[in-house]
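Okay, so here's the structure we're looking at.
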There are 2 protein chains.
Amino acid sequence: MVDVAREAGVALRTVSRVVNNDSTVGAELAERVQAAIAALDYRPDERARQLRSGVTGTLGAAVRQLSHVNPVLRAVEQAARAAGLMVLAASTEDDEQLERRVVESMCRRRFDGIILEPIGADHGYLLPELAAGLSLVAVDRPVAGLDVDCVISDNAAGIRTAYAHLRAHGHRRIAYVGDDERIFTARERAAAFRACVAEHGGTLDGAAHTGPIEPGRIRAALAAALSGPDPATAIITGNATISVEVVRGLGPAPLAVVGFDDSELATLLRPDLTVVAQDDRAIGGTAIDLLRARIADPSRPVRRVTVPVELLTRGSGEVPAR
Amino acid sequence: MVDVAREAGVALRTVSRVVNNDSTVGAELAERVQAAIAALDYRPDERARQLRSGVTGTLGAAVRQLSHVNPVLRAVEQAARAAGLMVLAASTEDDEQLERRVVESMCRRRFDGIILEPIGADHGYLLPELAAGLSLVAVDRPVAGLDVDCVISDNAAGIRTAYAHLRAHGHRRIAYVGDDERIFTARERAAAFRACVAEHGGTLDGAAHTGPIEPGRIRAALAAALSGPDPATAIITGNATISVEVVRGLGPAPLAVVGFDDSELATLLRPDLTVVAQDDRAIGGTAIDLLRARIADPSRPVRRVTVPVELLTRGSGEVPAR
DNA sequence: CTGAAAGCGCTAACAA
DNA sequence: TTGTTAGCGCTTTCAG
């Protein structure tokens with residue numbers, strides 16, 4: 001920049017003004033500066049700018065897997081862009097160590113705020129960062145043991161809706177196949193399912209199956225649900241991946257299925273899959289709203305927002321009970 | 001940092017040494033500094049560090065859609081991590097304006113290098129950046145009109161393999177349904193298909209269908225391919241999304257299908273989809289190799305790497321011709 | 001409207 | 001092993 005100033009024969013301050021589109025520069029000088037910039041291939045250094053001015057205009061997004069379908073991340077990016085903020089994202093790969101490295105790296109870069117899909121149980125490393133002024137919003141699940149802003153789906157209501165829908169179609173023996181209950185959402189959904197069964201006077205024998213997402217495990221869960229003296233006539237699944245495995249495993253059996261989470265696959269299946277869908281746009285938009293509010297006022301009270309889910313009836317959930 | 005130095009009663013340089021794990025610091029002093037760091041919630045500022053030291057250890061990835069399945073991005077992240085580099089990614093949303101904003105933003109942050117999935121035709125804005133020392137590797141397609149390192153799949157070989165495979169199963173009337181030929185890969189694949197037809201003395205009448213990915217357009221293409229006096233007995237598709245639409249549109253027709261690009265959906269279909277799969281790990285790994293080499297030696301000759309593809313036979317491509 | 005000087009937080013080079 | 005000084009590239013006072 002000092003070179004540009006010399007080339008253009010002006011003061012440093014003037015170049016800075018031109019680069020930042022400060023309108024209080026004479027047209028003639030501005031042109032001379034622009035010419036010098038082009039002639040010298042001058043490229044402003046954002047780091048120096050941030051260091052001096054203190055603003056970054058950048059948000060970080062630490063998510064489980066960048067290269068997986070993640071409509072919430074998409075909504076986050078869009079909302080951030082609409083607010084004039086840049087989002088830089090990185091994967092945590094469901095690895096606590098990596099999550100920490102990623103988040104700390106974003107902190108050292110002084111991003112204005114961070115959107116985090118938290119994993120694992122111990123987020124103690126965040127305490128000093130939060131104390132030092134980090135703005136952070138958790139998405140999809142709360143940060144274990146820490147009182148920070150977060151946006152989550154109404155998992156319990158989703159399960160209740162699915163359960164009621166199946167009951168309304170005559171099903172009385174409904175089974176659930178879900179993800180590993182070490183995962184927050186899986187825990188919430190499984191608990192809601194058990195509550196539904198209890199509420200309607202059912203028995204849980206062979207009805208609730210949770211565990212890691214492995215084809216073998218899921219086939220076994222299905223077999224258990226469909227055997228015995230009182231086999232299930234309907235299945236609720238715990239997430240999109242499990243929906244696929246369940247449908248694959250069921251074959252042409254005339255069972256009713258309601259999946260949790262919408263996906264591209266849902267309309268590929270026969271019949272199309274009825275799902276409980278998250279409101280991704282609302283989640284992403286709310287996350288950005290909360291983050292901006294937190295940045296603006298670090299001392300504001302913590303908010304935990306629960307976003308409603310929606311039942312999309314497409315056929316598989318409307319198969320009547322025999 | 002100056003506060004930490006005062007609190008610990010040492011010089012600035014000593015704090016810097018402790019923060020950077022410089023082993024030439026006495027254990028006693030180091031401990032005092034650590035204590036001061038904890039007491040003051042000191043957090044190092046990466047921007048100042050980079051500004052002074054010149055190194056960032058950061059790569060940028062500008063891809064079409066962060067939240068879409070992108071095994072190449074996954075491989076890029078893994079290879080970068082293995083090399084001790086942090087990857088920060090952003091979406092370009094297939095928007096030339098946004099691509100430019102994203103890439104320029106990464107340049108201003110002085111990332112060590114950028115992995116780019118280039119879109120659009122005019123990348124002139126990159127010229128001054130490259131002249132000023134930007135290291136950049138294009139992935140999936142070359143940068144239009146610019147001589148920069150890139151890694152692409154062997155699209156032509158993939159089509160030839162698919163075509164030969166179908167011929168080996170007795171098919172003589174093979175149709176192609178592809179993406180919009182304004183897209184580089186779509187253009188390469190369609191051209192290779194036409195060359196195959198010509199080479200085997202076939203006619204292109206109603207055989208090659210390219211255009212935007214819209215269910216209606218694809219249904220029409222299928223109808224055209226399957227009608228007339230000499231209907232196709234096999235279909236090659238241009239990418240994973242089109243494969244889905246084609247299979248959806250075909251229903252239970254006894255046609256052979258070979259898809260381009262593997263996907264999660266491939267094993268959901270009946271029969272499982274035979275595909276030409278890209279070697280995502282090789283593409284991502286090579287991209288990082290090229291980028292690191294370019295960073296190490298900006299004047300090295302430009303390399304354009306073509307990565308072989310692989311045919312995965314799963315059933316749909318082995319349906320015999322009637 | 002423009003210019004000179006100070007300093008953001010840190011590390012490189014050199015001394016001690 | 002530790003301390004001192006200078007300066008990375010920029011913006012921000014505060015004078016002209």
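Here is the naming used below: chain letters follow the sequence lines, and residue numbers restart at 1 for every chain. Quick caveat, the model's predicted, so the values are computed rather than measured.
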Exercise. Relative to the 5' end of DNA chain D, which residue comes earlier, Arg47(A) or Ala11(B), by the nucleotide with the nearest heavy atom?
Worked result: Ala11(B)
Problem set entry | Interatomic distance where CG belongs to Leu29(B) and P belongs to dG3(D) [whole Å] | 6 Å
For this session: Give the minimum heavy-atom separation between Asp179(B) and Ala186(B), together with the two atoms involved.
Result: O-CB, 3.6 Å
Problem set entry | Whole-Å distance separating the CD atom of Glu31(B) from the P atom of dT2(D) | 13 Å
Exercise. Would you say the side chain of Arg303(B) lies within less than 4.5 Å of the side chain of Leu290(B), judging by non-hydrogen atoms?
Worked result: yes
Exercise. Could you state the CG-C1' distance from Leu51(B) to dA6(D), rounded to the nearest angstrom?
Worked result: 14 Å
Seminar exercise, completed: Closest non-hydrogen contact found for Asp140(B) with Phe184(B) is O-CD2, 4.1 Å
Exercise. How close or far is atom C1' of dG9(C) from atom CZ of Arg6(B), stated in whole angstroms?
Worked result: 14 Å
Problem set entry | d(CG, Leu40(A); C1', dG9(D)) in whole Å | 15 Å
Problem set entry | Charged N-O contact under 4.0 Å between Glu46(A) and Arg110(B) | no
Exercise. Can you check the Asp22(B) CG to dC10(C) P distance for me, whole Å?
Worked result: 16 Å
Exercise. Do any side-chain nitrogens or oxygens of Thr14(B) fall under 4.0 Å of OP1 or OP2 in dT2(D)?
Worked result: no
For this session: For the pair Asp149(A) and Arg294(A), find out whether any cationic side-chain nitrogen is under 4.0 Å from an anionic carboxylate oxygen.
Result: yes
Exercise. What one-letter contact string describes nucleotides 10-16 of chain D from 5' to 3', where B marks a base within less than 4.0 Å of any protein heavy atom, S marks contact via sugar-phosphate atoms alone, and - marks no contact?
Worked result: BBBB---
Problem set entry | Test log, rule salt bridge (charged side-chain N to carboxylate O under 4.0 Å, His left out), inputs Arg64(A) and Glu93(A) | CA-CA 5 Å; Arg64(A) 300 171 66 181; Glu93(A) 307 277 6; over 6 Å; no
